[in-house]
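From a predicted model like this one, the values you see are computed outputs, not experimental measurements.
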Amino acid sequence: MAAIEWSWSRLMEFMIQSAHQLEVSPIVKYSALSLFADRFFPSLTRYTVGSNGKGNWLLQPIRESNLQLFALIALWISSKIHDSRPVSVKSFKSLGDKIIKDEHFTTRDFLEAEIVFMQVLDFEIGTSNIAFLLLEELLLQFNTSNYYRGVAKVGELLRFEACMYLMDLLYEKEETSTLYRSPRSLAASTLIASYLITVPKQRWEFPILPWGKYFFPL
């Protein structure tokens, strides 16, 4: 993998900007980021050295343009999982024609890339345990919990947009996998950081939120 000429931050920026241009929902965007950054990319080395990945033009060699294609594939798969009317492959191809500079991909290439993407993931594309959903659950507890007096009041000051901005930044800096071993810890850390950024210091209360049998002191 050392021979690949690409920039992780540029690749993540490409993916985040693609999600914005396609106007997909946050759950589609963050499910796609999880599929690509947390699962697909870490599995590439294992897959390419095995017999399945040998000889596939999308993987030998792996160029930045190919990774950009797979980033769009992650968004496409995520849209098909979460949207009642998924974004069409035509829309993804049209976007790819505009923003992928080094190579032109056909509709057939998109279909082939989707198969390769699924094979790398061993067709395991569940998104029920991603950090974004856990973050939403924590935020809901902030806004509605009666467990700790004042939690809901403090939750009104916490901006969800700040949570999403921080999560975007962590993906761009490749910190989601190096700093956090689980989606739960990523969600909790994102919430805490957003709390410190958006809630005025005079209003800090650092409540304790219940999460099943676990507790997160904030």
Test: E64 and R10 ion pair at under 4.0 Å: yes
Pair S91-S88, side-chain donor/acceptor within less than 3.5 Å: yes
Residues that A162 engages under side-chain contact (heavy atoms from CB on, under 4.5 Å), provided they are two or more places apart: R159, S194, T198
With S78 via side chain to side chain donor-acceptor pair (under 3.5 Å) - residues at least two apart: none
Those residues that, when tested against S65, pass side chain to side chain donor-acceptor pair (under 3.5 Å) (two or more places apart): E103
Atom pair CZ/CD1 of F117 and I73 - distance to nearest 0.5 Å: 8.0 Å
Residues in side-chain contact (heavy atoms from CB on, under 4.5 Å) contact with I99, at least two apart in sequence or another chain: F14, S18, Q21, L95
Heavy-atom side-chain proximity of L75 to L35 below 4.5 angstrom: no
Pairs touching residues 110-121 that satisfy salt bridge (charged side-chain N to carboxylate O under 4.0 Å, His left out), sequence neighbours left out: K80-E114
Residues that F132 engages under ring-ring contact (aromatic ring centres under 6.0 Å, His included), provided they are two or more places apart: Y30, F160
Donor-acceptor under 3.5 Å (K90 side chain, V87 main chain): no
Distance-only polar pair, side chains of H82 and S31, donor-acceptor under 3.5 Å: yes
Residues in side chain to side chain donor-acceptor pair (under 3.5 Å) contact with D97, at least two apart in sequence or another chain: K93, H104
Residues in side-chain contact (heavy atoms from CB on, under 4.5 Å) contact with V120, at least two apart in sequence or another chain: F40, S43, L44, Y47, V116
Residue list, side chain to side chain donor-acceptor pair (under 3.5 Å) with T106, at least two apart or on another chain: D109
Residue pairs involving residues 13-36 (criterion salt bridge (charged side-chain N to carboxylate O under 4.0 Å, His left out); sequence neighbours excluded): K29-D168
